[in-house]
Amino acid sequence: MYRVYFALLACLLAIPLSAQVLPQVRPGDGESGLRDMASATEARQWRAVGRLDTGVSFCSATLIAPDLVLTAAHCVYHPETHALLDAEDLTFLAGLRNGRAEAIRQVRRTIVMPGYRHELGPELEMIGRDLALLELRQPISPATIPHIGAAATRVPDGDVTVVSYGEDREAYASIEEGCEVLARQGAVRSLSCEVAQGTSGAPVLHINQGRAQVIAVMSASGHADGEDISLAVMLNGQLDTLMQQRNASGATATFTTFGGSTSFVSPSNDTRDGIGARFVRP
């Protein structure tokens with residue numbers, strides 16, 4: 001998880017993205033703040049979220065199609081050499097809880113957003129490109145784990161939910177409901193969510209009528225006005241770009257398609273854009 005320090009300038013809007021098969025989830029109890037999954041039943045409904053082990057570190061990641069996992073691009077690079085990690089060294093442990101995963105899959109190959117350069121560190125432009133698709137060697141049947149798709153319709157302005165793994169909680173997933181979207185600049189959003197090492201790649205979720213939809217991916221952490229905040233990269237049309245890059249290289253067709261245009265609607269007339277920032281390495 002990158003560490004970023006910046007000043008907060010704005011509040012935010014609604015985003016239409018593309019949606020697929022969406023698992024049914026139970027509404028939360030309204031409790032805010034990061035908390036462990038209290039029961040196996042609660043953890044099971046989020047089993048499409050898993051831990052990505054890289055051999056040198058771990059991140060969070062999400063099954064978005066039977067054969068595709070979404071995470072942060074910086075998770076698939078060596079933190080010191082900046083080299084792209086071999087796909088065969090990556091392992092996705094879906095629904096990992098106390099040493100047991102609902103499914104374990106090796107990665108066939110990685111697809112990183114064009115223009116992403118790990119060696120540049122947590123610059124705002126790189127955070128805005130910090131997305132990667134992982135193609136699994138073997139798909140995970142929807143009967144075993146229903147995947148979580150990306151939102152297709154306009155998402156109302158409001159709070160979001162994050163499900164993640166992290167330092168000191170790497171053996172089980174935690175959930176934070178009621179995260180506020182604080183500011184925007186380009187594809188980057190600042191959030192009030194609590195993050196730690198390992199949270200990178202976690203899905204930022206919009207929940208509507210009991211259905212979860214991925215709208216962004218966790219990328220970095222920061223500090224603003226004395227408060228810890230987090231940075232996420234919106235999927236927007238970037239997921240389409242990743243899918244096109246995958247298909248152009250001759251991959252077999254996935255079970256899920258992503259499409260649709262992106263537009264932005266300000267929730268109020270006085271909403272301002274922009275995140276003024278200075279970045280430091282972890």
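Residue indices begin at 1 and follow the sequence shown.
Residues R129 and P114 come closest through the heavy atom pair NH1-O, 2.8 Å. Contact detail for V233 and G128: the closest heavy-atom pair is CG2-O, 3.3 Å. Here the closest heavy-atom approach between residue V163 and residue A202 is recorded as O-CB, 3.4 Å. The two residues P146 and A48 have their closest heavy-atom pair at O-CB, 3.5 Å. V217 and T71 make their closest contact through CG1-C, 3.9 Å (heavy atoms, listed as atom of the first residue, atom of the second, distance). Annotation for A61 and V69: closest pair CB-CG1, 3.4 Å, computed over non-hydrogen atoms.
Once rounded to the nearest 0.5 Å, the distance linking CD of Q185 with CD1 of I127 reads 10.5 Å. Rounding to the nearest 0.5 angstrom, the gap separating the CG atom in D86 from the CZ atom in R109 is 15.0 Å. How far OG of S200 is from NE2 of H74: 3.0 Å, rounded to the nearest 0.5 Å. With rounding to the nearest 0.5 Å, the separation of OG in S39 from CD in Q45 is 8.0 Å. Atom CD in Q197 sits 7.5 Å away from atom OG in S221 (nearest 0.5 Å). Between I104 atom CD1 and F92 atom CZ the span is 11.0 Å, to the nearest 0.5 Å.
In the model, T91 has a side-chain atom that pairs as donor or acceptor with a side-chain atom of Q106 under 3.5 Å. In the model, T199 has a side-chain atom that pairs as donor or acceptor with a side-chain atom of R169 under 3.5 Å.
Using a 4.5 Å heavy-atom threshold, the side chains of S174 and M37 count as separate. Looking at E177 and D159, their side chains never come closer than 4.5 Å, going by heavy atoms from C-beta outward. With contacts defined as side-chain heavy-atom distances shorter than 4.5 Å, the pair R51/E170 qualifies. The closest side-chain heavy-atom distance from M113 to T241 is below 4.5 Å. Looking only at side-chain heavy atoms (C-beta outward), V160 and I215 come within less than 4.5 Å of each other. Residues H206 and T161 form no side-chain contact, since every pair of their non-hydrogen atoms from C-beta on lies 4.5 Å or further apart. Looking only at side-chain heavy atoms (C-beta outward), M218 and V195 come within less than 4.5 Å of each other. In this structure the side chain of L191 never reaches within 4.5 angstrom of the side chain of L231, judged on heavy atoms.
Between R117 and E123 there is no salt bridge, since no side-chain nitrogen of the basic residue lies less than 4.0 Å from a carboxylate oxygen of the acidic one. Remark: R246 engages D67 in a salt bridge, criterion side-chain N to carboxylate O under 4.0 Å. A salt bridge between R97 and E102 is absent, with no side-chain N of the basic residue lying under 4.0 Å from a carboxylate O of the acidic one.
Distance alone, capped at 3.5 Å, places no donor-acceptor pair between the R44 side chain and the G95 backbone. Not one N or O on the side chain of E135 forms a donor-acceptor pair closer than 3.5 Å with the backbone of I111. Side chain of R105 to main chain of Q138: a donor-acceptor pair is present (N/O by atom type, distance under 3.5 Å, no hydrogens or angles). The closest donor-acceptor contact from the side chain of S60 to the backbone of Y165 lies under 3.5 Å. Judged by distance alone, the side chain of D130 and the main-chain N or O of M126 form no donor-acceptor pair under 3.5 Å. In terms of modelled atom types and a separation under 3.5 Å, the side chain of S190 and the main chain of A183 share a donor-acceptor contact. The main-chain N or O of V181 is never found under 3.5 Å from a side-chain atom of R184 such that the two would form a donor-acceptor pair.
The hydrophobic cluster containing L85 also contains L52, counting ILVMFWY residues as joined when their side-chain heavy atoms lie under 4.5 angstrom apart, directly or transitively. Under the 4.5 Å side-chain contact rule for hydrophobic residues, L34 and Y172 do not share a cluster.
Screening L136, L134, I148 against L63 for a side chain to side chain contact (heavy atoms under 4.5 Å, CB included) leaves a single residue, L136.
Y77 meets the ring pair (Phe, Tyr, Trp, His ring centres under 6.0 Å) test with Y116, H118; sequence neighbours excluded. Under the side chain to side chain contact (heavy atoms under 4.5 Å, CB included) criterion, A171 pairs with no residue, sequence neighbours left out.
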The test is side-chain contact (heavy atoms from CB on, under 4.5 Å); show your working for L131 and L235 and say whether it passes. CA-CA 8 Å; L131 291 171; L235 301 188; 4.0 Å; yes

Run the side-chain contact (heavy atoms from CB on, under 4.5 Å) check on H78 and V56 step by step: do they pass? CA-CA 7 Å; H78 194 285; V56 294; 3.9 Å; yes

Output, in order, the C-alpha distance, side-chain angles, deciding distance and verdict of side-chain contact (heavy atoms from CB on, under 4.5 Å) for E176 and R35. CA-CA 6 Å; E176 184 168 4; R35 61 180 176 82; over 6 Å; no

Step-by-step side-chain contact (heavy atoms from CB on, under 4.5 Å) determination, T54 to D89: CA-CA 6 Å; T54 69; D89 293 331; over 6 Å; no

